There are 2 protein chains.
Amino acid sequence: MHKGIATVCLSGTLEDKLNAAAAAGFGGVEIFENDLIASAWSPEQVREHCDRLGLSIDLYQPFRDFDSADPDTVRRNLRRAERKFDVMRRLGTDTMLVCSSVSADAVDDDELLAEQLRALAERAGEHGMHIAYEALAWGRVVDTWERSWEVVRRADHPALGLCLDSFHVLSRAQSGGTSIDGIAQIPADKLFFLQLADAPHLNMDVLQWSRHHRLFPGQGSFELAAFTSAVLATGYDGPLSLEVFNDVYRQAEPGRAAVDAMRSLVALEESLGREPAPASPPELTGYAFTELAVSSAADHQVARALAAMGFAHVGQHRSKPVQLWQQGNARVLLNSGTDQATAVSALAVDTVDPAASAARAEAFLAPKVPRTRGAAEADLSVVAAPDGTSVFFCRTAAAEDGWMSDFILTGANSHALAGLSHIDHVALAQPFDYFDEATLFYRAVLGLAPWHDAEFAAPFGLVRNRALTDARGLVRIALHGTVLRRGDWAPGVPDPQHIAFASDDIFASARAMRARGAPLLSIPDNYYDDLEARLELAPDLLAALRECQVLYDRDDDGEFFHFHTEVLGDRVFFEVVQRVGDYSGYGVANAPIRMAAHRAARQA
Amino acid sequence: MHKGIATVCLSGTLEDKLNAAAAAGFGGVEIFENDLIASAWSPEQVREHCDRLGLSIDLYQPFRDFDSADPDTVRRNLRRAERKFDVMRRLGTDTMLVCSSVSADAVDDDELLAEQLRALAERAGEHGMHIAYEALAWGRVVDTWERSWEVVRRADHPALGLCLDSFHVLSRAQSGGTSIDGIAQIPADKLFFLQLADAPHLNMDVLQWSRHHRLFPGQGSFELAAFTSAVLATGYDGPLSLEVFNDVYRQAEPGRAAVDAMRSLVALEESLGREPAPASPPELTGYAFTELAVSSAADHQVARALAAMGFAHVGQHRSKPVQLWQQGNARVLLNSGTDQATAVSALAVDTVDPAASAARAEAFLAPKVPRTRGAAEADLSVVAAPDGTSVFFCRTAAAEDGWMSDFILTGANSHALAGLSHIDHVALAQPFDYFDEATLFYRAVLGLAPWHDAEFAAPFGLVRNRALTDARGLVRIALHGTVLRRGDWAPGVPDPQHIAFASDDIFASARAMRARGAPLLSIPDNYYDDLEARLELAPDLLAALRECQVLYDRDDDGEFFHFHTEVLGDRVFFEVVQRVGDYSGYGVANAPIRMAAHRAARQA
């Protein structure tokens with residue numbers, strides 16, 4: 001299908017936006033009038049530039065508040081429209097968007113409204129143009145697609161049709177004000193345009209929600225597949241065009257945002273079951289490994305910590321300064337061959353079909369990471385996640401071409417000395433601009449689903465969390481980021497990352513690690529006093545938690561126990577977790593405690 | 001009066017917060033429980049630290065959702081309260097805040113609710129403690145102060161009283177749900193605590209509004225003087241305590257935020273007419289001058305631009321590398337003696353009483369700027385605004401001790417060669433964290449009032465604007481900043497500042513400057529085409545606007561004409577404006593055009 005994007009989705013001048021849209025593979029654009037007015041290019045120059053880039057101009061958006069109870073306003077608006085038809089002719093586009101009025105003098109009479117729109121359509125038709133009429137969710141009179149369709153139907157002019165926008169429909173549908181049920185009955189020749197946007201569920205004024213918090217499909221909570229299917233069921237074959245007003249994308253690098261946007265449409269097409277679609281995501285069976293880049297200042301510290309946590313140095317890479325540490329099925333690579341500060345440099349997931357996983361990643365525009373490898377070494381596929389973390393597709397169990405054959409075994413035993421069985425999750429701090437992009441990336445590329453959105457007050461500002469997991473909970477990725485971009489005052493560890501290992505006996509693990517000298521994090525006594533006051537825990541349990549400095553959470557599904565190491569190097573620590581029952585969260589309520597404790601440990 | 005601040009207002013660990021509050025001169029704090037729980041200090045250590053700092057602990061905030069229709073929940077909550085009384089004893093505080101319940105099982109029966117609170121108060125009384133009960137604006141049952149007072153009255157226990165919070169009262173009063181009218185009738189001995197917060201008028205869910213957008217008094221739109229007066233009329237003599245949940249302050253440097261907070265309470269006290277109050281702001285009579293720091297790379301460029309705009313180099317400072325340029329009563333100093341990049345380094349306002357202005361600034365905690373001066377030079381008072389700009393208090397008309405006597409006159413004539421008469425306004429980009437602080441600073445220190453709040457989509461992200469002016473419009477300061485903290489992608493001129501000069505004949509000024517070779521900014525033709533389409537301007541006027549590259553705005557009060565120079569150095573440009581009628585705005589609608597044009601000029 002023809003894929004388009006509105007210039008309002010992207011940051012920059014009109015030139016920046018057009019270039020970014022074309023580079024990401026879009027076939028068309030909607031031009032928001034303000035972008036044209038501020039451009040030094042004439043409409044003809046814009047048209048030529050779009051031609052060179054292979055972009056069609058699918059829609060022009062100049063109008064607010066066309067209809068009016070005041071005849072002189074209508075006369076002025078018709079005059080203005082004539083001027084804009086001239087601009088459109090120069091741009092080489094033939095469809096003008098007209099939104100329902102939000103003005104106090106909006107027409108509250110379907111017949112009169114139809115008459116005014118018919119007058120506009122008549123003029124449009126004379127210029128070979130079309131009017132796509134759209135109901136804003138906060139329109140003064142017309143605020144549902146049903147009402148806009150009623151008016152278009154009454155006006156009954158070939159140059160007048162509907163524009164449907166998923167945000168306006170689904171935001172109202174959420175509160176029962178409208179429904180997608182009747183959409184499929186609209187005649188295809190009266191459906192002139194389709195705008196798509198996702199959004200998170202927010203309890204706020206719908207105009208503010210729309211203007212600031214729209215997202216690309218797959219980043220929010222709207223049922224876009226159902227909506228789009230209903231539209232396509234009419235026979236509509238025009239553009240799928242994104243219109244996303246979002247404060248972050250408005251100031252983010254437009255080239256990257258455009259790729260993110262294109263990824264969202266590919267994922268939407270997949271969810272519609274239309275051909276050609278990328279292969280469905282192969283089943284994931286867990287983490288193959290997590291790799292840490294370790295700085296020369298921190299490599300011994302990290303290795304000592306792993307040893308004290310019961311890991312063994314079981315392998316050494318054949319050609320690179322990379323160590324494999326293992327306990328049970330938890331594997332950590334320490335890579336001292338980068339110039340990076342200590343950080344999570346790669347996730348490796350085990351998939352039943354690494355080649356299919358890699359093909360899927362390519363279909364979703366995941367950037368490939370170039371990689372050098374020795375003669376006999378495994379040919380692993382690697383792509384970069386939005387925060388720069390490499391994502392490997394592996395099959396640890398494979399007899400041949402397994403990544404572990406790249407390592408010379410040291411003979412050390414990976415027996416679970418401290419009771420750790422596997423990697424429970426990896427927690428990655430997201431750069432401010434890329435949080436929503438990361439959601440879509442892992443959702444599309446790995447087939448994970450987002451869960452457990454949370455926002456909490458951390459000692460140094462508000463933080464948001466979101467986990468993505470496969471259906472069986474074998475690959476869990478926990479994203480976190482600040483709600484506002486962090487400023488200069490960030491005295492805590494600003495954006496720590498961590499690897500969480502699973503234990504079946506948290507207290508035994510904690511005691512074993514303490515006995516081996518692991519750098520475990522101290523938790524304030526006040527925390528345990530409060531736990532007692534809040535939860536009436538059994539005295540034995542409370543004593544064990546306090547002794548082992550274990551944090552505790554519970555919900556209707558089960559219990560969660562976890563403890564942490566101090567921060568190693570600049571921004572990495574380890575966590576040990578035990579899940580009891582069906583607890584599927586991450587102990588987010590305890591995160592501020594942990595963060596303050598990390599700060600205190602740094603100051604001590 | 002005793003001034004306090006809740007720890008939730010400030011960023012950091014509990015230790016950071018306490019230190020910041022004490023350094024800013026607060027006498028007390030409210031401790032939010034989470035801050036204590038995350039602290040490595042025991043309650044006794046916190047108490048000792050507060051004693052050393054001279055801080056009382058006025059309130060402890062551990063409770064949500066005390067009352068319940070479920071007897072077992074009540075039993076558990078009473079048990080928890082007992083534990084918290086123990087913590088409070090160790091902290092040395094005697095007042096516990098209990099908010100109205102937001103839980104689904106909140107008690108919807110005033111008699112039962114009173115009974116449960118009485119049981120809590122009875123236990124509190126046994127420990128020598130008090131319960132301050134507060135109606136949350138989004139409480140499930142109790143959501144107005146009137147209802148909370150009804151319950152407290154029924155419970156009729158000496159250890160139970162009210163906490164009033166200006167946000168909860170005034171946010172609801174805005175929609176008519178409550179009123180401050182009856183507050184003065186509450187007996188003083190039943191009013192246990194007073195929490196103060198301001199907020200902007202926002203159309204959003206009240207909980208989100210409260211949790212993210214509260215401000216310090218004087219930074220928002222609430223009528224805090226009327227509210228506080230009503231409370232004080234009861235005879236209440238407890239703390240004035242700030243409780244501000246704000247996303248920016250939650251991550252800003254706490255020492256600075258605490259000073260901002262203290263300034264807000266000094267200003268509130270002044271507005272209450274209580275002694276001792278700072279002297280009222282002396283009348284301002286205009287700008288004495290604006291000073292630009294000019295880098296060595298840009299000083300000739302800026303001087304050439306001023307000359308081409310009709311300014312004359314009329315004076316040279318006796319001891320410093322500072323030039324005085326003048327046209328009419330518009331005066332600009334060029335200071336090449338700093339290491340700074342080219343930027344507005346100082347505003348100088350003319351006041352009828354510089355000494356009184358300086359004393360007022362000091363009373364409002366404005367940081368003094370140390371200054372070297374030569375033997376015979378004027379002793380000017382200078383303070384630093386939140387963005388670092390120096391603010392001078394002058395009296396240009398004074399025969400002696402005038403600042404102009406520091407300059408040796410060159411003999412050049414300040415005749416208005418291009419028709420400029422004075423400085424209309426100075427526009428300053430505000431650092432993200434300091435926008436609200438700046439509002440309060442100029443409001444309190446100079447006695448200006450905020451006007452013309454606007455938010456608009458600029459080419460590189462959302463921007464907000466706010467102007468502050470004196471009653472006569474002689475000193476106008478236009479603040480602007482990004483709605484989100486800007487990231488790496490900021491290819492426009494990121495945070496330009498400018499000085500706007502007034503003309504009585506914008507076209508004559510533009511023509512004169514063009515003839516003299518001023519570096520004027522080119523405006524796209526598309527802008528004028530749209531102006532014609534929108535406003536039906538007379539052809540002559542439109543032609544003149546286009547010829548002179550003048551931007552245009554109008555509203556019900558009048559018209560506004562303005563044009564700009566290109567950016568000089570890194571971030572400074574000049575504007576020329578003409579106000580017709582009573583237009584009091586700043587042409588904000590044209591700002592995106594100007595910003596895109598500046599970008600285009602830089603790329604050309």
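Owing to the predicted nature of the structure, the values given are computational and were not obtained by experimental measurement. Order of the sequence lines sets the chain letters (A, B, ...), proteins ahead of strands, with each chain counted from 1.
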For chain A, which of [options] has the most heavy-atom pairs under 4.5 Å?
{"options": "Gln208(B), Arg79(B), Glu82(B)", "result": "Arg79(B)"}
{"options": "Ser522(B), Pro254(B), Pro431(B), Ala81(B)", "result": "Pro254(B)"}
{"options": "Leu484(B), Val248(B), Thr13(B)", "result": "Leu484(B)"}

Check whether any side-chain heavy atom of [X] lies under 4.5 Å from a side-chain heavy atom of [Y], and answer yes or no.
{"X": "Phe460(B)", "Y": "Asp16(A)", "value": "yes"}
{"X": "Thr482(B)", "Y": "Arg485(A)", "value": "no"}
{"X": "Ile37(A)", "Y": "Pro524(B)", "value": "no"}

Which region of [X], side chain (C-beta onward) or backbone (N, CA, C, O), has a non-hydrogen atom less than 4.5 Å from a non-hydrogen atom of chain B, or is it both or neither?
{"X": "Trp41(A)", "value": "backbone"}
{"X": "Arg80(A)", "value": "both"}
{"X": "Asp525(A)", "value": "neither"}
{"X": "Tyr249(A)", "value": "neither"}

Heavy-atom closest pair, residues [X] and [Y]:
{"X": "Trp489(A)", "Y": "Gly12(B)", "value": "CH2-CA, 3.7 Å"}
{"X": "Arg250(B)", "Y": "Ala457(A)", "value": "NH1-CB, 3.4 Å"}
{"X": "Asp205(A)", "Y": "Asn203(B)", "value": "CB-O, 3.0 Å"}

Between [X] and chain A, with a heavy-atom cut-off of 4.5 Å, which part of the residue counts as in contact: side chain, backbone, both or neither?
{"X": "Arg256(B)", "result": "neither"}
{"X": "Glu532(B)", "result": "both"}
{"X": "Arg534(B)", "result": "both"}

Sort out for me which of [options] touches chain B most, counting heavy-atom pairs under 4.5 Å.
{"options": "Asn590(A), Ile593(A), Val8(A)", "answer": "Ile593(A)"}
{"options": "Leu36(A), Val483(A), Asp433(A), Leu10(A)", "answer": "Leu36(A)"}
{"options": "Pro459(A), Ala597(A), Ala596(A), Pro43(A)", "answer": "Pro459(A)"}
{"options": "Tyr527(A), Phe245(A), Trp209(A)", "answer": "Tyr527(A)"}
{"options": "Arg211(A), Arg594(A), His212(A), Met204(A)", "answer": "His212(A)"}
{"options": "Ala252(A), Pro592(A), Ala600(A)", "answer": "Ala252(A)"}

Basic-acidic side-chain contact under 4.0 Å: Arg75(B), Glu536(A)
yes
To the nearest 0.5 Å, how far apart are CG in Asn526(B) and CD in Glu33(A)?
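The distance works out to 9.0 Å.
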Can you tell me how far apart CD (Gln251(A)) and CG (Leu462(B)) are? Round to the nearest 0.5 Å.
7.5 Å
Count the heavy atoms belonging to other residues, nucleotides or ligands that lie under 6.0 Å from CG of Asp72(A), then report whether that count exceeds 12.
yes
